[in-house]
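One structure is given here, and the rest of the page talks about it.
Remember, it's 1-based here, ligands and their atoms both numbered in the order they're listed. Predicted model only: the values in this text are computed from it and were never measured.
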Amino acid sequence: MDLRPEVVLNTTAYHRVDECESRADLAYGVNALAVLNLLRVANDLQSVLVHISTDYVFDGRARTPYTERSEPFPLSVYANSKLAGECLVRTMAKKYISIRTCGLYGKAGSQGKGGNFVQTMLTKAKRGEPIQVVSDQEVTPTYTVDLADQIACLLPTENFGLFHMTNEGSCSWYEFARAIFELSGIDADLSPTSSEFYKTPAIRPPFSVLENARLKELGLNRMRHWRDALAAYLK
Ligand SMILES: NC(=O)c1ccc[n+]([C@@H]2O[C@H](COP(=O)([O-])OP(=O)(O)OC[C@H]3O[C@@H](n4cnc5c(N)ncnc54)[C@H](OP(=O)(O)O)[C@@H]3O)[C@@H](O)[C@H]2O)c1
């Protein structure tokens, strides 16, 4: 409290999506109720709350990218708990930026998931393992450095509310894996599979591509294509 931050950035989540199906208490505790505590603190300090949410708030039945005006319809406990967090922010935070992003990877790796997708692919390939990746879930992989840069650029403009923030373009997880190996010059034993074959406890949306519509309307979209971001990360 003594620090009196101008900005409180919440990157916390319980996001082991499959575990959340049997741990709704923990999912709602971390992804919603803890957000309520945090926004109260931010309100008291008159800070801007920057809150990170997810592409999974959509059901994936659309065929064109979701904008901030699209209706959410979450399919899993994780996604519902994240939407609950968003709703608390929208209704109770005095100054907030709520950000939906997708397929994050970055230098630190996702601590909660034990690494990120790029690291997992490279590790498996180095071990010479056969790798199967779903080709029927379309996303936009997003580099955390680009996300951080975009947030830093948005904050001083004092445009608040809900924003979609991902790199540009889209691909399936299989296409993303293929690009990782292409750009790294690795000849991996990679093949596509389907969600039907690779069953998980939580249902994931088959299409969760987001349009950075508000950023574009404001002339503030700095996000590059996911392939360029991936090349920069691997370099
Ligand atoms: N990863 C993705 O692909 C993705 C996609 C869309 C949206 N998001 C959202 O982006 C944000 C960041 O995700 P990330 O993958 O970068 O996460 P991450 O690296 O795993 O970071 C999540 C943080 O949450 C903290 N945390 C978890 N449970 C906690 C608890 N009970 N009490 C206090 N702290 C707790 C963890 O702390 P410790 O380090 O101490 O464990 C960790 O630092 C999340 O809001 C997530 O929903 C992620």
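Residue T140 comes nearest to E168 through the heavy atom pair CG2-O, 3.9 Å, listed as atom of the first residue, atom of the second, then distance.
Between the side chain of T200 and the backbone N or O of A202 there is at least one donor-acceptor pair closer than 3.5 Å.
Ligand 1 has an N or O atom lying under 3.5 Å from an N or O atom of K82, backbone or side chain. Distances between N or O atoms of L104 and those of ligand 1 include at least one value under 3.5 Å. For a threshold of 3.5 Å applied to N or O pairs, the pair formed by H15 and ligand 1 contains at least one separation below that value. Polar contact check, I52 against ligand 1: a nitrogen or oxygen pair lies under 3.5 Å apart.
Classification of D18 and R204 as a salt-bridged pair holds, one side-chain N sitting under 4.0 Å from a carboxylate O. Under a 4.0 Å N-O distance rule, the pair E175/R227 does not qualify as a salt bridge.
Short contacts between ligand 1 and T101, defined as distances under 4.0 Å to a heavy atom of the residue, involve ligand atoms 6 (C), 7 (C). The contact set between ligand 1 and V30, taken as ligand atoms under 4.0 Å from a residue heavy atom, comprises 31 (N). Atoms of ligand 1 found under 4.0 Å from any heavy atom of T11 (numbered from 1 in listed order, with element): 11 (C), 12 (C), 22 (C), 44 (C), 45 (O). Atoms of ligand 1 lying under 4.0 Å from at least one heavy atom of G103, given by number and element, are 3 (O), 5 (C).
Not less than 6.0 angstrom separates the ring centroid of F73 from the ring centroid of F58.
In summary, the side chains of S98 and E86 do not present any donor paired with an acceptor at a separation below 3.5 Å, with no hydrogens or angles considered. Side chain to side chain, D136 and S194 fail the donor-acceptor criterion of an N or O pair below 3.5 Å.
For S53, the heavy-atom gap to ligand 1 drops under 4.0 angstrom. Residue Y78 places a heavy atom under 4.0 Å from ligand 1.
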